[in-house]
2 protein chains.
Amino acid sequence: MNAEDHAAKPRPARPELDLNQFLPYRLSNLADRVSQGLSTIYSARFGISIPEWRVLAWISHKDVLTAKQISEFTRMDKARVSRAVNALERRGLISRTPSDDDQRVQFLRLTGQGETLLAELIPEAHAWEARVVATLSAAEYRDLFNIIAKLERQLTRIDQR
Amino acid sequence: MNAEDHAAKPRPARPELDLNQFLPYRLSNLADRVSQGLSTIYSARFGISIPEWRVLAWISHKDVLTAKQISEFTRMDKARVSRAVNALERRGLISRTPSDDDQRVQFLRLTGQGETLLAELIPEAHAWEARVVATLSAAEYRDLFNIIAKLERQLTRIDQR
DNA sequence: CTTTTATAGTTGCACTCAAAACTATATAGA
DNA sequence: TCTATATAGTTTTGAGTGCAACTATAAAAG
C-alpha cells in the first residue's frame with residue numbers, strides 16, 4: 001500500500017520536496033553507485049582502497065606529485081592523503097624522494113610494481129566505464145561532460161561569495 | 001614546473017588514465033561538492049546531519065514510512081537509518097507508532113515540529129539548487145535528468161548479472 | 001503445536017574519517 | 001640575526017560508518 005493513497009489526509013501548507021526532481025539527491029545517488037561499482041574492481045581484485053586508488057590515479061596521470069598537490073587535486077584531506085601514501089609505499093607501489101630544495105616536501109612516483117598494477121587496472125577501469133556509458137549516445141556523452149563542467153564552474157563561483 | 005615537461009623521460013607502455021575524461025572521477029567530484037554545499041544549509045543552520053536530512057526528506061515525501069523502506073529508498077545501511085531515526089525522535093522531529101499487524105515494524109511520521117523545520121528548510125534547499133542549475137539552459141537541465149536516469153537503469157542492469 | 005527459517009530493527013566492534021594538534025622546516029619581518 | 005609566521009606532512013582524537021551479531025517477532029515447515 002502506498003501512503004499517498006490516503007487522499008483524505010488534510011495536508012498542512014508545506015513545501016513539497018520531490019526527491020526524484022532534486023538534483024543533489026539524484027546526483028549523489030548516481031555517483032555513489034558508480035563509485036561503488038568501480039571500487040569492486042580495484043578493491044576486491046587488487047586490494048586498493050578508494051583513497052589509494054585516487055592517489056595512484058593522479059600520480060599515474062602526472063608522473064610526479066607531492067602529497068600537497070594530490071590533496072588539492074582530489075580535494076581529500078591531507079591526513080587522508082598521508083595515510084593512503086603510507087599504505088601505498090608499504091606495499092611498494094609508490095616511492096618517495098625528499099626534495100632537495102625543501103626538506104618538508106616529498107616527491108611521489110610510481111614504482112615498477114605500481115606501474116605494473118596500473119597497467120592491469122586502468123584498462124579494466126576503462127572497460128567498466130565503457131559498459132556504463134554504453135547506454136548513452138555520443139551526443140549525450142558529450143553533453144554530460146559539458147554539463148558537469150558547467151555545474152562545477154558555477155559551484156566555484158558560488159563558493160567564492 | 002610541470003612534471004609533464006620532462007619529455008625525455010622514457011615512458012613504459014602504460015595505459016593512460018585521463019581523469020578529466022573519466023566519468024566516475026568527474027561524477028564523484030561533482031556530487032561531493034553539491035552534497036557539501038547543500039549540507040551547509042541543513043547542517044550549519046539546522047543542526048541536521050546528512051543521514052538525518054535524507055530520512056526527513058523521504059518521510060516528508062511519502063508521509064509515512066518504516067525504517068526498512070527508508071533504508072531501501074536511500075540505500076543507507078539499516079544501522080545508519082536506525083541511528084538517524086533515533087536522533088530525530090529524540091529531537092522531537094519525527095514520531096514512531098508501532099504497527100498493529102507486526103510488532104517489529106514502526107511507522108515513522110513527521111511531528112508538527114518536524115513539519116515546521118522542513119517548511120523552512122525545503123525552500124532554502126530549492127533555492128540553493130536553483131542557484132547551482134541557473135547556469136544550465138532548460139534543455140541542458142532536462143537532458144541532465146534524462147542522462148542520469150539512463151545511467152541508473154544501466155547500472156541496475158549491470159548489477160543484475 | 002513445535003521447530004525452523006525469515007525479517008525489522010538495535011547494538012557492539014573494528015575501522016575510517018575529518019578536524020585539530022603537533023613536528024619539522026622554510027620564509028618574512030623587526 | 002633573532003623572532004614570528006607560514007607551510008608540508010604526521011599523529012591524535014572524537015565522531016560516524018558498515019558489518020556482523022543479536023533481540024524480538026512473524027511466517028513456514030514438519
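The structure presented is a predicted model; accordingly, all values stated were derived computationally and were not measured. Throughout, a chain's letter reflects where its sequence line sits, starting with A, and its residues are numbered from 1.
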ring-ring contact (aromatic ring centres under 6.0 Å, His included) evaluation trace for A:Trp58 with B:Tyr25: CA-CA 11 Å; A:Trp58 271 102; B:Tyr25 169 73; 5.8 Å; yes
Separation of atom CZ in B:Arg96 from atom P in C:dG9, rounded to whole Å: 9 Å
Separation of atom CD in A:Glu89 from atom P in D:dG9, rounded to whole Å: 13 Å
Parallel, tilted or perpendicular: ring planes of A:His126 versus B:Phe22, cut at 30 and 60 degrees: perpendicular
A:Ser82 vs D:dT10: side-chain N/O to OP1/OP2 distance below 4.0 Å: yes
Under 3.5 Å, which protein N or O atoms sit close to an N or O of nucleotides 5-7 of chain D? Give each pair with its distance.
unit_1: D:dT7; atom_1: O2; unit_2: A:Arg104; atom_2: NH1; d: 2.2

B:Glu120/B:Arg45 ion pair, N-O < 4.0 Å: no
Touch class at under 4.0 angstrom, heavy-atom based, for B:Thr66 against every strand present: sugar-phosphate
Under 3.5 Å donor-acceptor, B:Thr66 side chain and B:Val105 backbone: no
Any donor-acceptor pair under 3.5 Å from A:Gln154 side chain to B:Arg131 backbone: yes
Exercise: do A:Thr156 and B:Arg33 side chains pair donor with acceptor under 3.5 Å: yes
Can you give me the N/O atom pairs linking the protein to nucleotides 14-18 of chain C at distances under 3.5 Å, or say none if there are none?
unit_1: C:dA18; atom_1: OP1; unit_2: A:Arg80; atom_2: NH1; d: 2.7
unit_1: C:dA18; atom_1: N6; unit_2: A:Arg83; atom_2: NH2; d: 3.1

Listed nucleotide nearest any side-chain atom of A:Val105, set C:dT10, D:dA26, D:dA8: D:dA8
Flag if over 12 foreign heavy atoms under 6.0 Å of CD, A:Gln36: no
